[in-house]
Trainee: 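Structure below; questions to follow.
Just so we're on the same page: letters track the sequence lines, and every chain starts at 1.
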2 protein chains.
Amino acid sequence: MAHTRTDPDAGEPALTHIQALPSWLLNRASARGRRLVADALAQDGMRMPHHAVLSAVADLGPVAQAELGRTTGFDPKDMVGILNDLQAQELITRAPDPSDRRKNAITLTDEGRKRLNRLTKLGDEANEALLSALSPAERELFLALLARVVDQG
Amino acid sequence: MAHTRTDPDAGEPALTHIQALPSWLLNRASARGRRLVADALAQDGMRMPHHAVLSAVADLGPVAQAELGRTTGFDPKDMVGILNDLQAQELITRAPDPSDRRKNAITLTDEGRKRLNRLTKLGDEANEALLSALSPAERELFLALLARVVDQG
DNA sequence: TCGAAACCGTTGGGGCCGCCAACGAAGGCG
DNA sequence: CGCCTTCGTTGGCGGCCCCAACGGTTTCGA
């Protein structure tokens, strides 16, 4: 089939073609989102993974690190570092689980809950800015399509 | 306004909230796209930046590295490595520009053009798979919305 | 019951990507 | 001639993602 293809030189420029690909646009949009969120969370001295893990701890009450890793998708190796940071700021506590001495029971502190509320607000604002070019109806449509692209494993 | 806010515990779980944010979904979609494209290009022993730079060289004929960096958005530091790789495989040539001895004139070789055609095909197929959950009309709509999210600087 | 298998947290390592700083060489311009 | 800019190159940093291995612990089946 290659021998019947139109010569690429006759068509659109190769670079234009690449930069219009979904993967390219998604990369750029994702990068913009990460930057916006990272800058917002940085106002509170925190990073995205920390916010995610803090949220997971809030939901799952006393929970083991491995369980946190499964629900958030973070590597166990990285989870150690994230929890170290959170623990150093006394946003979570790491206590041995008496019923299973392999596990650490991770719990949210009061300070952690306050911090989570602030972070959630900052993250929401950043996401609002991310989609500020779209109307509410368009945002809903965009997110629905995006979810289908993501979930189609 | 914070004192009138509904208690977060009464609403949706914090982790669910985060994972439904546009920034989170965009990150996941972008990661999937990068993985699909990377795997596809790897069949031809190449990576995404190399494909992009090869495309830019094809478009811009003999061109300086700095110019390539500007049009593709890659850091000059990274451009050096990419061009080294491409040159090692004899897909491009790096010749001193006689009219400006600071510049390297980057040119596509015949082998580079063949390789670019293969890579473009592989990249297109990967992107087709990336959006395979959407109908043609939905893809068009999705890309239009995505472009607006990206371009709104 | 006791040994194999699985799971836990931790450490170490690596790859990709985006970005910045500095340098010598070369050109532009007063 | 000096001054500023640009060019390619080297070196380095930080974030994010993933894999391998190890000692300690639990589980489950032979």
Trainee: Using atom CE of B/M79 as one end and atom C1' of C/dC16 as the other, report the distance to the nearest whole Å.
Mentor: 16 Å
Trainee: Looking at A/S30 and B/N27, what are the two nearest heavy atoms and their distance?
Mentor: OG-OD1, 2.6 Å
Trainee: Should A/D151 and B/R28 count as an ion pair when the cut-off is N to O under 4.0 Å?
Mentor: yes
Trainee: Calculate the interatomic distance between B/L68 atom CG and D/dT6 atom P; express it in whole Å.
Mentor: 18 Å
Trainee: Taking all heavy atoms of B/L41 and all of B/L119, pick out the closest pair and write down the distance.
Mentor: CD2-O, 3.7 Å
Trainee: Just the rounded figure in Å: distance from P of C/dC8 to NZ of A/K103.
Mentor: 6 Å
Trainee: To the nearest angstrom, how far is B/L36 atom CG from C/dC16 atom C1'?
Mentor: 17 Å
Trainee: For C/dC7, does either OP1 or OP2 sit under 4.0 Å from a side-chain N or O belonging to A/Q65?
Mentor: no
Trainee: Have a look at B/A38 and say if it touches a base, only the backbone sugar-phosphate, or nothing, with a 4.0 Å heavy-atom cut-off.
Mentor: nothing
Trainee: Determine, for A/D39 against A/R34, whether the closest basic-nitrogen to carboxylate-oxygen distance falls under 4.0 angstrom.
Mentor: no
Trainee: Under a 4.0 Å N-O cut-off, is there an ion pair linking A/R115 with A/E90?
Mentor: no
Trainee: Can you name the closest pair of heavy atoms from B/N104 and B/Q65 and give their distance?
Mentor: ND2-OE1, 3.0 Å
Trainee: In whole Å, I'd like the distance from the CD1 atom of A/I106 to the C1' atom of C/dT10.
Mentor: 13 Å
Trainee: With a 4.0 Å cut-off, would you call B/E67 and B/K103 a salt bridge?
Mentor: no
Trainee: List the protein contact pattern of nucleotides 24-30 of chain C with one symbol per nucleotide (5' to 3'): B for base contact, S for sugar-phosphate-only contact, - for none; contact means a heavy-atom distance under 4.0 Å.
Mentor: --BS---
Trainee: Is the closest basic N to carboxylate O distance between B/D97 and B/R102 below 4.0 Å?
Mentor: no
Trainee: Measure the distance from CD on A/Q87 to P on C/dG9 and round it to the nearest whole Å.
Mentor: 13 Å
Trainee: So, do B/Q89 and B/M46 sit near enough that their side-chain heavy atoms are less than 4.5 Å apart?
Mentor: yes
Trainee: Can you give me the N/O atom pairs linking the protein to nucleotides 17-23 of chain C at distances under 3.5 Å, or say none if there are none?
Mentor:
unit_1: C/dC20; atom_1: N4; unit_2: B/D75; atom_2: OD1; d: 3.3

Trainee: Roughly, in whole Å, what's the span from CG in B/L83 to P in D/dT9?
Mentor: 8 Å
Trainee: In this structure, how many angstroms lie between the P atom of C/dC8 and the CD atom of A/E67, rounded?
Mentor: 9 Å
